[in-house]
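Each remark here refers to the structure printed beneath this line.
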Amino acid sequence: MSEKILLIDGHSILNRAFYGLPDLTNSEGKHTGAVYGFLNILFRTIEEEKPQYLTVAFDLKAPTFRHKMFEAYKGTRKPMPEELREQVPLIKEMLTAMGVNVVTKEGYEADDILGTLARKSEAAGMDATILSGDRDLLQLATDKVMIRLPKTVRGKTTIEDYHAQQVIEKYQVTPPQIIELKALMGDSADNIPGIPGVGEKTATKIIVEYGSIENAHEHLEELKPNRARESMREHYDMAQMSKALATICTDSPIEFSYEKAKLGNLYTKEAFLLCRQLEFKNLLNRFDSAAVQEDTLEQEFFTCADLAGCEALFAKAEAGKTAGVSLVTENGRVFGAGLALNEEEIYYIPVEGMITEGYLCGKLEGLLHKVSESNTENIMKSNTDDVKKDPENEISDVNTDGTLKYDKKCVCALDVKALLKHIKSDDPMAVFDAGVAAYLLNPLKSSYTYDDMAKEYLNGRILPAREELLGKKTVEKAWEESAEGLAAWACYMAYTALACRKPMCEALRDTGMWNVYTQIELPLIFTLDSMEKWGISVKSEELKSYGEKLSVRIGELEKQIWQQAGEEFNINSPKQMGVILFEKLGLKGGKKTKTGYSTAADILEKLAPEYPIVKDILEYRQLAKLKSTYADGLVGEIAEDGRIHSTFNQTITATGRISSTEPNLQNIPVRMELGRLIRKVFVPEEGYVFLDADYSQIELRVLAHMSGDEKLIQAYKEAQDIHRHTASEVFHVPFDEVTDLQRRNAKAVNFGIVYGISSFGLSQDLSITRKEAAEYIERYFETYPKIKGFLDGLVEEGKEKGYVTTMFGRRRPIPELKSGNFMQRSFGERVAMNSPIQGTAADIIKIAMNRVYRRLKDENLKSRLVLQVHDELLIETCKEEIPQVSAILEEEMKGAAKLSVELEVDMHQGNNWYEAK
DNA sequence: GTGGTCACG
DNA sequence: ACGTACGTGACCACA
């Protein structure tokens, strides 16, 4: 068996991968789809071909040798989209990391390099395989040189293989004659002109007959059809030039050694790291874990499993400097803890023997208290007067020389709130939260893991990720089967939290987010922890009977729908429903989604008046949602204490809002009466009532303030109905004569502005034409003249800096603004307009929460904050404290920020959430 | 695991 | 010409 070399046309395959696959990005927004596709094709081909040598050729940007000869015929190619362009260096980096021979040559195209290497290898007695997406390469095919062309058909990649024989079968001409074909028919993609009036059919006929353009020209008078003959007569020079253009150079002066091209182990450590960075999770499995040598900490981990040792350890931690801690938990059970006394001495303390869960958590709580007591200064009390965007302002936690006071003693953890879950106290304590810090520094990531943090903030340091230490095991399984891995995991987490403090704090300062971190997010951890711990009481029996009532009606509707459809089908399946409605029953309203027909409510609502079945479906949907998500869903989340303890996540949203999970208590129905009734099962405990306070139009007020638009500010100062006011101005009617429709439309425009207005979006929302929507928007901008400049400024700022900021300095990166794709870039522009507004409103309510929480605590009240729903706070209020708590809510919410328009708060009281809203 | 749908601000 | 409102999370069906 002779040896084989695999030659790859780099740009061409990258291109193919880019267009063949959906646009993939990692959690940081980096485009990676083409690189991913490239690697898959590469691995697959290597497995199939089993070559001994491998080389990838790339074009350089400079004009190529062949095309240089004919300056006039270059430069009409479409520019490469930005999403693809940025992946070119990435694939080269990846190939280099895998030890793959990458060849480029000034003045030559990848084709020429491949052609040259193919001939050279053939001459040396080898087989060669060329992988490319470009059919031009077919001219290189011989018995020994095979061309492989990947094709994407309906999402699946198939590869067509061509030896000389297959070229002849498919094109009726020999591989070298492919050049002759091109000379006649041209190739617009390659800027080869060919000769006019000759396409594939005619060209093939001529070349089959005469073999070459020269020979055909010699027999010019015999040529058929007439059109081709005359074209050839007139444009023969063009054919010759095209032939030269189409000919791939097979003797380029390139430096090449088989030594370098030898195919070695692709699964190197460097490649592994890169794959991990790009989040190619499927590819990671290919790497032999033994081959991936991790950068282990120089220091050792110690395990401390006896009581005396543990006591000594905590004593040392309390007496010493800032410590890092981690807690290994699962489903509420604690398995052990990591404790980093400093960056060298790191301990793992398993829960076993004398060390019980209660004991260990107690020691951790003690440590937190001791550290906090020794440093009351560092307990982050929400002093919001200091929360300013301008870094020139006096800042409480930065010394006058600009250095940070972060070195005050505290306890560091990756997720402080998770730690607090296992600690009784909900008093604010001196902590550093690496997860929250990492979130502020880049809120676009989907998760914040210690290995990523180490890589980003500890000079590229590589630590083994959880999966490498524990595999896919649950903590409980790892506890039984790989205690060592669990110990290492705990230690790495404690270490990373500790080690990241300095670099992260400096980064927060350098990005102007130190105040957001210390004055908003840090105190918020304790506020949220308290809310989670209190939870909210739910009447489970009433919830169940509500669900049963729904079931009855759902059953009726189901029967009715099936009857009208003439068959039984799964109403919950959009796919089946689409077929029933639009094919079987022939409703109009064709395709919408890539998988079939859209049956979304806004489509169905348009059909409802005409078809009774659609009305029933809409009602069914509504009820099914209420039952599955709310009735049944919430029942399953009620804890033993009869309360629901949702988790408020602080590191999820791109804008700075918090989110709520398991269950989500931020989307409990309110708009429709039937759903709104669910709120009756949320009740305060005996002797308490609910006070519900929500900001009135906080986002529009923020917009008024940030834009500085006097007209909008004035409107608010006069305490006008803002939507009516807008309608009056936009539609040029007296304030008192604004119709309901006009007000509704103006309200939609106000929303649109906050979302990053587009005439299309507005027209969809209002069911009006785009033109009308555009007019509304234009008149809106005339009404409030500074708004447009403000929004345009945000987009400009975003494009220039790559991010936008809130009033308090919170950042949102917007990589989409640099996209070459119109849709993505437009999205980026809307985000640039929306994020500072939504984010500032989020900052304000977070500040308000902290202030309310602190007041309730400071004034020793029994009332407690239990929920936040973006612009709304729910307080379970002790009946005796109602006047005091109302005053606190009003004061602290209004006083959370000083804007040029008042922050207005609406407040209601009730014996359940329904009444209080 | 992904897409469609729908609940909220 | 492109094909959209901004930000979330839960449930279901279906590959």
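These numbers come from the heavy atoms of this one structure, side chains and all, not from hydrogens, waters or symmetry mates. Labels below follow one simple rule: chain letters A, B, ... track the order of the sequence lines, proteins then strands, and each chain is numbered from 1.
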Look at atom CD of A:Glu583 and say whether more than 12 heavy atoms of other residues, nucleotides or ligands are closer to it than 6.0 Å. yes
Quick one: A:Asp632 CG to C:dC12 C1', roughly how many Å, whole number? 13 Å
Test: A:Glu556 and A:Arg553 ion pair at under 4.0 Å: yes
Salt-bridge present (A:Glu532, A:Lys421; N to O < 4.0 Å): yes
So, for A:Tyr780 and A:Tyr776, is the gap between ring centers shorter than 6.0 Å? no
Cation-pi between A:Arg811 and A:Tyr803: NZ/CZ under 6.0 Å from ring centre and within 45° of the ring axis? yes
When all nucleic acid strands are considered with a 4.0 Å heavy-atom cut-off, which category describes A:Ser660: base, sugar-phosphate, or nothing? sugar-phosphate
How long is the gap from OG1 on A:Thr783 to CD on A:Glu778, to the nearest 0.5 Å? 10.5 Å
At 4.0 Å (heavy atoms only), tell me whether A:Phe751 reaches a base, stays on the sugar-phosphate, or touches nothing. nothing
Find the distance A:Asn821:CG to C:dC2:C1' and express it as a whole number of Å. 8 Å
Atom-to-atom span, CG of A:Leu623 to C1' of C:dC12 - whole angstrom: 16 Å
I want to verify a distance call: between C:dC11, C:dA13, C:dA15, whose nearest atom is closest to the A:Asn572 side chain? C:dA13
Using a 4.0 Å heavy-atom cut-off across all strands, classify A:Ala654 as base, sugar-phosphate, or nothing. sugar-phosphate
For A:Gly633 and for A:Val831, find the nucleotide of DNA chain C with the closest heavy atom, then tell me which residue's nucleotide is more 5'. A:Val831
Measure from CD on A:Glu829 to P on C:dC6 and round the result to the nearest Å. 12 Å
If you measure from the Lys or Arg side-chain nitrogens to the Asp or Glu carboxylate oxygens, is any gap between A:Asp792 and A:Lys788 under 4.0 Å? yes
Taking any heavy-atom pair under 4.0 Å as a contact, classify A:Ala748: base, sugar-phosphate, or nothing. base
Closest contact, heavy atoms only, A:Ala631 versus A:Tyr546: CB-CD2, 4.1 Å
Can you tell me how far NZ of A:Lys786 sits from CZ of A:Phe781, rounded to the nearest 0.5 angstrom? 15.5 Å
Protein within reach of the bases, or only the backbone? For nucleotides 1-9 of chain B, mark each nucleotide 5' to 3' as B, S or -, using heavy atoms under 4.0 Å. ---SSBBBB
B:dA7 versus C:dG3 - spacing of their C1' atoms, nearest Å: 25 Å
Rounding to a whole Å, what distance do you find between A:Leu665:CG and C:dT8:P? 18 Å
Starting at atom CD of A:Glu637, determine the distance to atom P of C:dG9, rounded to an integer number of angstrom. 14 Å
Dot-bracket assigned to DNA chain C with the 3.5 Å Watson-Crick/G-U criterion, [ ] for crossing and | for other-strand pairs, is .....|||||||||.
Nearest-angstrom distance, C1' atom, C:dC2 to B:dC6: 28 Å
Considering every strand and a 4.0 Å limit on heavy-atom distances, what is the contact class for A:Gly756: base, sugar-phosphate, or nothing? nothing
Using a cut-off of strictly less than 4.0 Å, decide whether A:Ser659 has a side-chain nitrogen or oxygen near OP1 or OP2 of C:dG9. yes
For A:Ser826, report the nucleic acid contact type (base, sugar-phosphate, nothing); a contact means any heavy atom under 4.0 Å. nothing
Between A:Asp721 and A:Arg743, does any NZ, NE, NH1 or NH2 come within less than 4.0 Å of an OD or OE carboxylate oxygen? yes
I want to check one thing: is the phosphate of C:dG7, taken as OP1 and OP2, less than 4.0 Å away from some side-chain N or O of A:Arg812? yes
Out of curiosity, A:Arg812 CZ to A:Thr805 OG1, how far, rounded to the nearest 0.5 Å? 13.0 Å
When we call it a touch if two heavy atoms are under 4.0 Å apart, what does A:Glu662 touch: a base, just sugar-phosphate, or nothing? sugar-phosphate
Using atom P of each nucleotide, how far apart are C:dT4 and B:dG3 to the nearest Å? 14 Å
Under 4.0 Å: is that the gap between some side-chain N or O of A:Ser573 and OP1 or OP2 of C:dC14? yes
In whole angstroms, the gap separating C1' of C:dG7 from CE of A:Met833 amounts to 15 Å
Specify the separation, in whole Å, of atom CE of A:Met577 and atom P of C:dC14. 11 Å
